[in-house]
Amino acid sequence: MSSGLIGRESEAARLRALVRAPGPRFVLVEGEAGIGKTALVRAVADGVARVRWCHAAEDGGQAFALWRQLTPEIRPEETGDRFALLAAVREVLADGCLLVLDDVQWTDEPSLSLLRALLRDPGCRGLVCCATRRTGEAGAGWERIGPELAGGPEVDRLVLGGLPDEPAAALVLSAGGDLDPGTVDRAVRAGGGNPLYLRELARAAGGSWGSVGELIAARVRRLGPPVQRLVRAASLLAEDVELTVVARLLDEPVVACLPAVTAALGAGLLTDSGAGRFRFAHGLVRTVLAAQTPLQEAVVLHLRAAEALEDLHRGDLAQVSADIARHRVAVAVAGDRGPAVAWSRRAAQDATRALAHEEAARWYATALECGAASLDLADRAELHLAQGAAEAAAGRFTAALAACRTAVDLAEECGRGDLVADAALTLEAVGSTDRDRTVERWCERALESLDAREASVGASASGEVALRARLLARLAETRFYRGDTAGARAPAARALTLAEDGADPDALVAALRANQLTHSGPEHSAVRAELAARMTALGERLRRPSVEMWGRLWTVDRLWEQGDLAGIEAELTRLRWCVEQQRSPLADWHLLVARAALAQARGELSTALELGQNAVRLVAGTGHPAAAGAWQSLLVAVGHHLGFPPAEVSGLDPGSGDVGEARATLFTRLGPALALTDAGRLDEAAHHYRLAGPPRDWEVPPYFTVLAYAVGAMVAVPLDLRADVAWFRETLSRFAGGHVVGGGGPAGYQGPVDLVLGRCAAVLDDLDAAADLLTSALATAERIGAPAVAVEAACELAAVRLRRREPDAARALLSRVRPAAERMGMVPWTARIDGLLGGTAGPLTAREREVAGLVALGRSNREIARELVLSERTVGNHVQHILTKLGFANRSQIAAWVAARG
């Protein structure tokens, strides 16, 4: 057994079991420096067939350094975007393997974000990542992502403590040779069970003992001056170094350095990585050496290191720009700050190209810190603006807003109106009041600056016309998202006019998108049809599938409003081509969401869920803002017909946090409320419904109007909230003949608006209107090929016919749709059909009659549960069964039925 595993037999056995468990898993081996984490993991990994190793460096290094080591066949900068990078890594690791990440606490944030996404991906079942972490130390990446990674449900943690005395003594003897028992005992007591410290004590037997750092320093001092110079120079580079670069630092030929390298290898300070590269045997060795290098010597070595890297890698500086920047920043302490700023900026730009936006933001911040007062206002503004763009690309919107605000303040101070415009175009409108109001003001200021310039010099240049169009488009978006729809239309229209007269296709794309947004809602269907056709034609003319895709998606939105399922299918065939040309997971996600919604509408419910799950896997862990909402929309729509397992209903619970944008806020209230209503948990449904506030006060974006009010009505009906039901009926009546979908990419279909209006009319006892509306809804669902919705409409219509004392017509209708309900697996609706068929004879069980009587007395479910000594959920189920059997929609009808029978 190697000395690294002495006394670690039980930990090794446990670790072997953990890395063999099905993935995706994250196994974290933690402990202090030198405790034996790496040795343990290496011993276990040696018994695994497929292993990929990497080592994180304390000084960071290249962006996505972890994945450049783990998947060298992938270059992040060549993948196009982060979605594509995630897909490429997933494909490389598709067959499963063990990833070993040494010193995870130093890993860069982009690498950890990608690891988090993979660990959340159910498709990565064969993936296990085993990471070592030195406790008490952390880089910026681990501080941001580490707590979430280490605290997730897919994590197993193994904490290594010190060795017991007996194996500690064995380790001392194995490292120190023939030592007397007294020396061994003293070493065991001093070493605290730390293997690295114990080995250093054994090597120093006969000399003075201090801390592990002092022992390492003493071991280096026992070597010759050439070795000391070499390892001290190497310690300022990285833990894995090129001998050619070290030779440049020492100003010696490579061959002259070989004796010192051989001595350092023999002393156990370095290990050979092959191909002229060497690694420090332990990170602590490098740390000790770097700390003990005098400042003046360190500055000289950092300068030489930067110059050597620039010279040796001048053909591919992007691969070493971060290392050069680090050395230039270290040299800046001597006063020469210009190169530090320039290389920090270069490192940030290279990180952006490599999709490592978090690293880019960090390097821009470093450039600002190094430049300090030596930078003029414009330079500082540009750096803050670039930092803001990087933060926005990383999804850190609060930091992005702060950086752009600083940039705007500086830009206005130095009269750079163009930078104010850049800031406005850097931050998209997202529905956040503070952010959108701020961006709106920037747009207005930038437009005023353009007006002043035009007034002084005459006609605008073509570039300024395009800039004005883009600013007007962004202004329209900010006004729209903060609720000023009327105020958004004029700038959107002006943007389109300018973009049409110009030659900048990006300005035209921005203007078309602003106009599509400001004409959301079914009342503007004809306008959006024209915009969709124009965007599609523009994409075809420019040969840009990403632009054409948006035109196709807008066309699909409009077809949903018309309930044209056949037209949607045809358009999705055209959309598929656009998606295939892009080879982007985000484009694939849009297509899968659309296909899932169509499958759900057509009653192919299991297929819809499968497509939806595939869509979720594509963007899992990426922070895509619409991903969770689309999946939950589909779950609610499918669950309405298939039923909700308890776990799924609980999974829809949004909690009580602030979710921000109006559409998201309403959805996270109404989606769970509808699911709970369908599950018969009316008290819980009422709680979520009340969280949304009175319907008259809802702030509903135009693209969400029909869906929000329809779902609200579908919840209010079984809750017997008659005032709300009457309001929903009146509000939705102007959309009669339309369909219940949300704009901006419907992820689920809730049927014709007439179906909701019919249910409202039935609750309000307007049975003639209810019958007419439900008959229309049934005919529409059957005509367009939405069989699950047809079953629902038939059940509602049959219930109304029972109340109108038309049992034969009700029975005939229910018997006709029951086979379809059974074929589609609509268990709740099959049960309701059977209940309605049985309800024509009016049988309730004894318990159900007892519950019905208490409902008639106005008791709540909680009060009934207390009186009958039942659980509240059981009472809710009884109430739902009574409603189903009698064909009723609310508790008031139960009360009337009981009263009519004395």
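Predicted model, so just to flag it, every value in this text is computed and none were measured.
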Nearest 0.5 Å, please: how far is [atom2] in [Y] from [atom1] in [X]?
X: R801; Y: L767; atom1: CZ; atom2: CG; result: 12.5 Å
X: D484; Y: D436; atom1: CG; atom2: CG; result: 12.0 Å
X: R811; Y: D808; atom1: CZ; atom2: CG; result: 6.0 Å
X: L870; Y: R847; atom1: CG; atom2: CZ; result: 4.5 Å
X: C795; Y: I833; atom1: SG; atom2: CD1; result: 4.0 Å
X: L837; Y: L814; atom1: CG; atom2: CG; result: 5.0 Å

* Does the pair R729 and D766 meet the rule for a side-chain contact (heavy atoms from CB on, under 4.5 Å), with working shown? -> CA-CA 12 Å; R729 182 184 181 187; D766 187 355; 3.0 Å; yes
Side chains of [X] and [Y]: does their closest heavy-atom pair fall under 4.5 Å?
X: T518; Y: T485; value: no
X: V636; Y: Q750; value: yes
X: H524; Y: P702; value: no
X: R534; Y: L496; value: yes
X: M714; Y: T677; value: no
X: L707; Y: V741; value: no
X: H640; Y: W829; value: yes
X: V855; Y: N861; value: no

Output yes when a side-chain donor or acceptor of [X] lies under 3.5 Å from a complementary backbone atom of [Y], and no otherwise.
X: R474; Y: L427; answer: yes
X: S733; Y: E730; answer: yes
X: S525; Y: P522; answer: no
X: S776; Y: D772; answer: no
X: R435; Y: E428; answer: yes
X: W631; Y: Q613; answer: no
X: D754; Y: A736; answer: no
X: W554; Y: R528; answer: no

* To do: For salt bridge (Lys or Arg N to Asp or Glu O under 4.0 Å), just list the numbers for R558 and D564, CA-CA rounded to whole Å, side-chain angles, deciding distance to a tenth of an Å, and then say yes or no.
  => CA-CA 9 Å; R558 185 181 60 84; D564 187 354; over 6 Å; no
* May I have the step-by-step check of side-chain hydrogen bond (donor to acceptor under 3.5 Å, both in side chains) for Y703 and D557, ending in yes or no? => CA-CA 10 Å; Y703 52 83; D557 282 357; over 6 Å; no
* Under the salt bridge (charged side-chain N to carboxylate O under 4.0 Å, His left out) test, residues paired with R479 that sit two or more places apart ->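 Partners of R479 under the salt bridge (charged side-chain N to carboxylate O under 4.0 Å, His left out) test: E440, E444.
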* Do any pairs count as a salt bridge (Lys or Arg N to Asp or Glu O under 4.0 Å) and have a residue in residues 781-793, sequence neighbours left out, and if so which ones? -> E782-R816
* Residue R437 excluded, over 12 heavy atoms near CZ under 6.0 Å ->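 Check fails, neighbour count at 12 or below.
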Minimum heavy-atom distance [X]-[Y], with the two atoms named:
X: V791; Y: A820; result: CG2-CB, 4.3 Å
X: A597; Y: A747; result: CB-C, 3.7 Å
X: E822; Y: T830; result: N-OG1, 3.9 Å
X: T705; Y: R734; result: CG2-NH2, 4.3 Å
X: A793; Y: L755; result: CA-CD1, 3.7 Å
X: A708; Y: L670; result: O-CD1, 3.6 Å

* To do: Take H519 and R489 through the test side-chain contact (heavy atoms from CB on, under 4.5 Å) and record every step on the way to the result.
  => CA-CA 8 Å; H519 288 87; R489 294 253 170 83; 3.8 Å; yes
* Structure fact -> For W560, the ring-ring contact (aromatic ring centres under 6.0 Å, His included) test, sequence neighbours excluded, returns Y749
* Asked: Considering the options R859, R862, R681, which one meets the salt bridge (Lys or Arg N to Asp or Glu O under 4.0 Å) requirement together with E872?
  ->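 Exactly one pass, corresponding to R862.
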* Check the pair E604, R602 against salt bridge (Lys or Arg N to Asp or Glu O under 4.0 Å), reporting the backbone distance first and the verdict last. => CA-CA 6 Å; E604 300 163 1; R602 287 189 158 165; 5.5 Å; no
* To do: Tell me, with the steps shown, if E699 and R482 meet salt bridge (Lys or Arg N to Asp or Glu O under 4.0 Å).
  => CA-CA 10 Å; E699 296 181 6; R482 66 177 188 82; over 6 Å; no
* Between R804 and D768, does a side-chain contact (heavy atoms from CB on, under 4.5 Å) hold up when you go through it step by step? -> CA-CA 9 Å; R804 295 175 66 183; D768 290 342; 3.4 Å; yes
* For side-chain contact (heavy atoms from CB on, under 4.5 Å), just list the numbers for D724 and R696, CA-CA rounded to whole Å, side-chain angles, deciding distance to a tenth of an Å, and then say yes or no. => CA-CA 9 Å; D724 285 359; R696 294 165 182 78; 3.9 Å; yes
* Asked: Which word best sums up how the rings of F728 and Y709 line up, parallel for under 30°, tilted for 30 to 60°, or perpendicular for over 60°?
  -> tilted
